[in-house]
Amino acid sequence: MAEHAERQAAVRAILAGALAEGRTALTAPEGKAVTDAYGIPTPAEGLAETADEAVALADRIGFPVAMKIVSPGILHKTDAGGVQVGLKSCAEVRGAFTAIVSNAKAYDPEARILGVQVQQMVPAGTEVLVGTVTDPTFGKVVAFGLGGVLVEVLKDVTFRLAPASRDDALSMMDGIRAAEILRGVRGGAAVDRDALADVVVRVSELAADFPEIAEVDLNPVFASAAGAMAADVRILLSTEVPAERRKYSREEMLTSMRRLMQPRSVTVIGASNEQGKIGNSVMRNLIDGGFPGDIHPVNPKADDILGRKAYKSVMDVPGEPDVAVFAIPAKFVASALEEVGRKGIPNAVLIPSGFAETGEHELQAEIVAIAERYGVRLLGPNIYGYYSTWQDLCATFCTPYDVKGGVALTSQSGGIGMAILGFARTTRTGVSAIVGLGNKSDLDEDDLLTWFGEDPNTQCIAMHLEDLKDGRAFVEAARETVRKKPVVVLKAGRTAAGAKAAGSHTGALAGDDAVYDDVLRQAGVIRAPGLNEMLEYARALPVLPVPQGDNIVIITGAGGSGVLLSDAIVAGGLSLMEIPPDLDASFKAFIPPFGAAGNPIDITGGEPPSTYEATIRLGLEDPRIHALVLGYWHTIVTPPMVFAELTARVVEEFRERGIEKPVVASLAGDVEVEEACQYLFERGVVAYPYTTEKPVAALGAKYAWARAAGLLGGGR
């Protein structure tokens, strides 16, 4: 602890000195001092102000050496002609000093030149990049990937939240496309993974310890069997301090969310008798949906709304309502929210638009301030409302939905929310809740994750989001929730616009989507590539049992489907089982001579139902097989519903015996396969018509969650 405080003090003095001079970048010697304090290996070096000093330094360090210009105003040394490497003699060093200084003055006549850095040549090795960047969503993030001249060409980089653990660092090495290079290729030695992981961890700790460090860029780091050493260090600073977001404890979140999602009394501000008004639609949905609690309409111009006594003001409403639903224009929300606060209502559901999404940031800030003053949690504004089906609560102006189930769905967009509704109805997906988030002025994904993680009616959470207000709070909530149930995220906006003004290699590579992708994976979240995939994963994950191992077997009636299913499995990073000889012989006993065992197991299309049944039974019976992928081909010999019924019957029989394995199916054929797929889905077999990709993707999502939850080996 004392050592940590001592090194922090040393670094803080260096940073303070640079910032006091108005600089946003450390010089190379300062960078060296910082890395030395944190035990990050860098070459022996020194600063020379004259050619004679350069020669003396080189002689003491030992040839060969590298030389680099040191100037606060010149960040890109190579561009300025300020770098020379491989210098083997005193004469070469003297000539290099003169050339470097001359080039730098020509590049920027106004630049203040402090001297030339003389540096030990780093032992040869694989060039990698280690760095950190301050992400606007997640804060300090550490990066690792291929370095040197390849860094911006290949962009083979992965990210984790800082500070990173040793396991994080090792997973980063395995997570780049060129991971095999680090393990040694064509007879080359593998790099020292422990030494390289140590560099990643130490760099991440440095960035996490100092908010004023905007970016750290070690590129290249030379990694070899002998260790790892950073040849170049760049550290950029910032004086900007992120605004503190108000934090709520887990208990506070659960208390407010319980009253929001399980209310006993709801007040509708702006309730109306006039059809076509949002206040009328909300009232009708609450009443027609069968909400068993109290419904109190508020409208100063009405005595009665849809058979319910109306109140002139929220202050007149009897009892202690749990939720106030706002269905009034934006300009009246602030004054009504004041009354909600004085009344002690803990939750305000703000349907109106006309706030930050239209440029009215001050109006939104005003309502947030009012809510914080009274302790009111805000859902919205600019939302369609929300559904809590197990409470028969439909607090929205949109289409009602009352099919209870285990899927909680949230969306930042109203249009996406209605797509969710249509999908749920078409596929007969039961939901526990559908929640609109809109502008997220207060309540956001981490509040909902905290609640749904504890909600016994929710088995899977799926979230559409365009941004995160507090990425670290989301990751913390997601990690806690993923241990118990899957979380699927559709993140809109796959752009790298945030990297345009980056001042380093690391910053240029840390596009918004790249960081989101890796950090969401680090949190154990399943990221869906599109809206349909998000909804299908949410529908399928509660249906599929947890796999007990990686061995997947394909049983198909069509060779072509088998090939496509194999491609999808391999592309999804899943494992096709290598069938042992005894199991191969067992499968062959059930299929015709012109069929094919192995994996896929092709029973051929002309086989009767008994062949499908026998091979599926064998796949479920053998403990070495952990998941089945079925490829069905529509024939008159085995019609679609016959296949569906026999498959569902056999799967159920084995489940009753305590043998539960994920079974997914791809059905190719005429329109009857659609009904067969629905039949299978409802009975625990995830099945899709006309596609080989979807069932495998759903199975892959289940495997991804099982690993993230620690239920299967090879965790994240």
Side-chain angles (χ1 to χ4, degrees), residues 131-145 155 157-164 168 172 175 204 207-208 210-216 236 238 240-248 253 356-357 361 364 368 410-413 416 437-450 461-482 487-504 506-529 534 708 716:
T132 66
V133 67
T134 306
D135 183 81
T137 299
F138 297 104
K140 296 302 174 67
V141 175
V142 62
F144 172 82
K155 298 182 179 178
V157 179
T158 186
F159 302 89
R160 298 290 185 275
L161 293 179
D168 287 333
M172 294 174 83
S204 75
F210 296 97
E212 58 268 48
I213 294 181
E215 296 180 24
V216 176
L236 304 182
S238 173
E240 292 181 15
V241 179
E244 277 290 315
R245 178 194 174 204
R246 180 170 178 176
K247 303 284 187 182
Y248 293 91
M253 287 183 183
E357 83 284 357
H361 296 283
Q364 184 160 310
V368 169
T410 78
S411 68
Q412 203 167 336
S413 155
I416 299 299
L437 283 167
N439 296 4
K440 297 193 290 194
S441 64
D442 177 20
L443 284 167
D444 63 5
E445 287 85 3
D446 45 296
D447 295 280
L448 298 185
L449 277 177
T450 300
I461 304 117
M463 299 180 145
H464 158 264
L465 57 92
E466 294 169 1
D467 60 6
L468 289 169
K469 289 192 306 181
D470 186 338
R472 287 188 172 246
F474 175 85
V475 168
E476 183 180 344
R479 281 175 165 163
E480 185 69 28
T481 303
V482 162
V487 177
V488 182
V489 165
L490 170 62
K491 166 63 175 70
R494 293 175 175 270
T495 67
K500 285 182 179 177
S504 71
T506 306
L509 292 162
D512 296 341
D513 194 64
V515 175
Y516 262 101
D517 204 47
D518 283 342
V519 173
L520 291 179
R521 190 179 298 111
Q522 185 184 8
V525 165
I526 300 160
R527 186 172 182 186
M534 180 191 84
R716 62 185 187 277

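The figures that follow rest on heavy atoms only: side chains count, while hydrogens, waters and symmetry mates do not. Numbers here simply count residues along the sequence, with the first being 1.
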Student: Using the side chain to side chain donor-acceptor pair (under 3.5 Å) criterion, which residues pair with S411? Sequence neighbours excluded.
Tutor: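 S411 satisfies side chain to side chain donor-acceptor pair (under 3.5 Å) with Y384 only.
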
Student: According to side chain to side chain donor-acceptor pair (under 3.5 Å), who are the partners of K140, at least two apart in sequence or on a separate chain?
Tutor: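 Applying side chain to side chain donor-acceptor pair (under 3.5 Å) to K140 gives none.
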
Student: Applying salt bridge (charged side-chain N to carboxylate O under 4.0 Å, His left out), name anything that partners E480, two or more places apart in sequence or on another chain.
Tutor: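 Per chain and number, E480 pairs via salt bridge (charged side-chain N to carboxylate O under 4.0 Å, His left out) with R483.
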
Student: Okay, side chain of D517, backbone of A514: is any donor-acceptor separation there less than 3.5 Å?
Tutor: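 A pair under 3.5 Å: no.
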
Student: Kindly say whether Y516 contributes a backbone atom to a donor-acceptor pair with the side chain of K491 at under 3.5 angstrom?
Tutor: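 No; judged by distance alone, with no hydrogens or angles, the pair does not exist.
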
Student: List the steps and the verdict of salt bridge (charged side-chain N to carboxylate O under 4.0 Å, His left out) for D470 and K247.
Tutor: CA-CA 10 Å; D470 186 338; K247 303 284 187 182; 2.6 Å; yes

Student: By side chain to side chain donor-acceptor pair (under 3.5 Å), which residues pair with E476, not counting sequence neighbours?
Tutor: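 With sequence neighbours excluded, E476 shows a side chain to side chain donor-acceptor pair (under 3.5 Å) to no residue whatsoever.
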
Student: Could you tell me whether a side-chain N or O of T158 sits under 3.5 Å from a main-chain N or O of G175, the two making a donor and an acceptor?
Tutor: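 Not at all, since once roles are kept as given, no pair shorter than 3.5 Å links the two residues.
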
Student: Looking at residues at least two apart in the chain, or sitting in another chain, which of them share a side chain to side chain donor-acceptor pair (under 3.5 Å) with E357?
Tutor: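 Applying side chain to side chain donor-acceptor pair (under 3.5 Å) to E357 gives N439.
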
Student: Kindly write out the residues that satisfy side-chain contact (heavy atoms from CB on, under 4.5 Å) with A164, not counting sequence neighbours, or none if the list is empty.
Tutor: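 Expected list: V142, D168, S204.
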
Student: For S441, check side-chain contact (heavy atoms from CB on, under 4.5 Å) against everything at least two apart and list the hits.
Tutor: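 Here the qualifying residues are Q364, V368, L378, P381.
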
Student: Under the salt bridge (charged side-chain N to carboxylate O under 4.0 Å, His left out) criterion, do K469 and D446 qualify, and how do the steps go?
Tutor: CA-CA 10 Å; K469 289 192 306 181; D446 45 296; over 6 Å; no

